[in-house]
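Just follow the structure's listing: the first ligand is 1, and inside any ligand the first atom is 1.
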Amino acid sequence: MLEISEPEGPQDTGHALYVVATPIGHLSDLSERARHLLLQVKWVAAEDTRVTKVLLQSIGASARTLTVHQHNEREAAQSIVDKLRAGDSVALVSDAGTPAISDPGALVVEAVREAGFRVVPLPGPNAITTLLSASGLPANGFLFDGFLPVKTSAREERLRHLLAAQQTLNCNVVVYEAPHRIAELAAVLDARLAGDQRVVIGRELTKRFEQIVDLQAGQVATWIASDPNHLRGEFVVAWGPAAPEAAVDVERVDRAAMKAIPVGELLDALLAHLPASRAAKLAHQLTGLPRDLIYRELNNSKSGPDSDGQ
Ligand code: SAM
């Protein structure tokens, strides 16, 4: 049941740590509650104080700032606890969006709660939910994994686990990606997803050049390459699960993999249901074995690579 409390209700008074979501682009997305709170608190703990001062100035807030970033979070947490002990109230913000979501904040919250003080969340903008809400992807849950690892081997490993979990759970996957790596992510999705799997890219959400594109996995690399602007700005990428037919096959193969069946047998099982290229892609995804080895096995398999285009 919806319960609406007074806009300036009692929960936002007294010394506590207020975890405040701030806009991811559009200044007007700062909630009225957040604005009011930022005008009241003595301290604002911010990731980059230069960024936060712009926001504070825009609303006429004169709170003092202190820095909390990934390299000083423990010491900053202690300093915040000291301020709370002195009777001050502190707001925690990040550069954009919701603190502690791929941003500093979790250690501060833990320390404050351990010290016995209240932690009060002020919800608001977040890039993941902003994209998902406008993605049109089926609302059957999602796995969010922050930024994928930069190193190729670590990223491959992470993706393998993510894709296997996605198929098991039949859900969406959402990741953040930096502009200088978006082309690489596009190539990876092209290689690792089924060609017709839905990929929704959110670029510059809530900003002037906002773009939300709904593509098939096989089109992502082409879309990225089609305009230099498609490599600029901030990105969130979501993709839906593979078609049920492939998901069923993955379940079969997962069970087979648990029995440690040889890759040749795995390929034969897949080739009974899928074209050779899909079978090879799935075998690579499930086993993590190098592609050239999979293709060698494919050439040796009973059904052979000629089964493509069944
Ligand atoms: N805590 C933030 C949140 O709640 O969304 C995310 C912080 S994370 C360090 C920053 C990443 O979020 C960016 O690199 C980008 O992937 C994504 N992001 C933030 N703002 C965005 C926007 N306006 N449009 C698309 N992606 C955005």
Side-chain angles (χ1 to χ4, degrees), residues 17-31 33-34 37-38 44-52 54-55 58 67-73 76 91-110 119-137 142-150 155 158-159 162 172-186 188-189 199-215 220 223-224 227 229-239:
L17 175 74
Y18 297 93
V19 183
V20 183
T22 58
I24 58 169
H26 201 305
L27 207 53
S28 306
D29 289 336
L30 185 74
S31 75
R33 183 180 171 198
L37 189 277
L38 292 173
V44 175
E47 205 183 345
D48 181 337
T49 53
R50 289 163 306 180
V51 173
T52 297
V54 174
L55 174 73
S58 77
T67 312
V68 183
H69 51 64
Q70 60 176 25
H71 303 297
N72 80 341
E73 196 172 342
L92 172 71
V93 302
S94 58
D95 285 354
T98 302
I101 306 297
S102 292
D103 267 339
L107 290 180
V108 172
V109 167
E110 190 188 16
V119 176
V120 182
L122 274 69
N126 164 255
I128 313 155
T129 50
T130 301
L131 176 65
L132 282 176
S133 68
S135 70
L137 286 169
F142 65 92
L143 286 171
F144 167 63
D145 203 36
F147 293 92
L148 292 174
V150 176
R155 195 183 51 214
R158 192 77 195 163
L159 261 175
L162 269 180
N172 304 309
V173 174
V174 191
V175 293
Y176 290 146
E177 194 50 283
H180 60 279
R181 282 202 295 274
I182 193 72
E184 215 173 314
L185 178 65
V188 166
L189 295 182
V199 178
V200 182
I201 301 177
R203 185 173 87 84
E204 293 289 84
L205 293 172
T206 75
K207 299 187 196 176
R208 185 162 170 217
F209 297 109
E210 175 181 87
Q211 239 179 343
I212 300 173
V213 286
D214 188 341
L215 303 164
V220 176
W223 181 81
I224 294 285
D227 183 337
N229 286 322
H230 295 171
L231 290 166
R232 298 197 180 111
E234 297 197 276
F235 294 87
V236 199
V237 180
W239 62 88

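In R158, the CZ atom is not crowded: 12 or fewer heavy atoms of neighbouring residues, nucleotides or ligands sit closer than 6.0 Å.
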Dump all N/O pairs between ligand 1 and the protein below 3.5 Å as a table: atom names plus distance, one pair per row.
residue  : atom   : partner : partner atom : Å
ligand 1 : 1 (N)  : T98     : O            : 2.9
ligand 1 : 1 (N)  : I101    : O            : 2.9
ligand 1 : 1 (N)  : D103    : OD2          : 2.8
ligand 1 : 4 (O)  : T98     : N            : 2.8
ligand 1 : 4 (O)  : N126    : ND2          : 2.8
ligand 1 : 5 (O)  : N126    : ND2          : 3.3
ligand 1 : 5 (O)  : A127    : N            : 2.8
ligand 1 : 5 (O)  : Y176    : OH           : 2.8
ligand 1 : 16 (O) : F235    : O            : 2.6
ligand 1 : 20 (N) : E234    : OE1          : 3.4
ligand 1 : 23 (N) : I24     : O            : 3.0
ligand 1 : 23 (N) : L205    : N            : 3.4
ligand 1 : 23 (N) : L205    : O            : 2.9
ligand 1 : 24 (N) : L205    : N            : 2.9

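Atom CZ of R181 sits about 14.5 Å away from atom OH of Y176, to the nearest 0.5 Å. Distance CG/D95 to CD1/I24: 13.0 Å, rounded to 0.5 Å. I212 CD1 to E204 CD: the interatomic distance, rounded to the nearest 0.5 Å, is 12.0 Å. Distance check: D29 CG to T22 OG1 gives 10.0 Å after rounding to the nearest 0.5 Å.
In summary, E234 and K207 engage in a salt bridge, as defined by a charged side-chain N under 4.0 Å from a carboxylate O.
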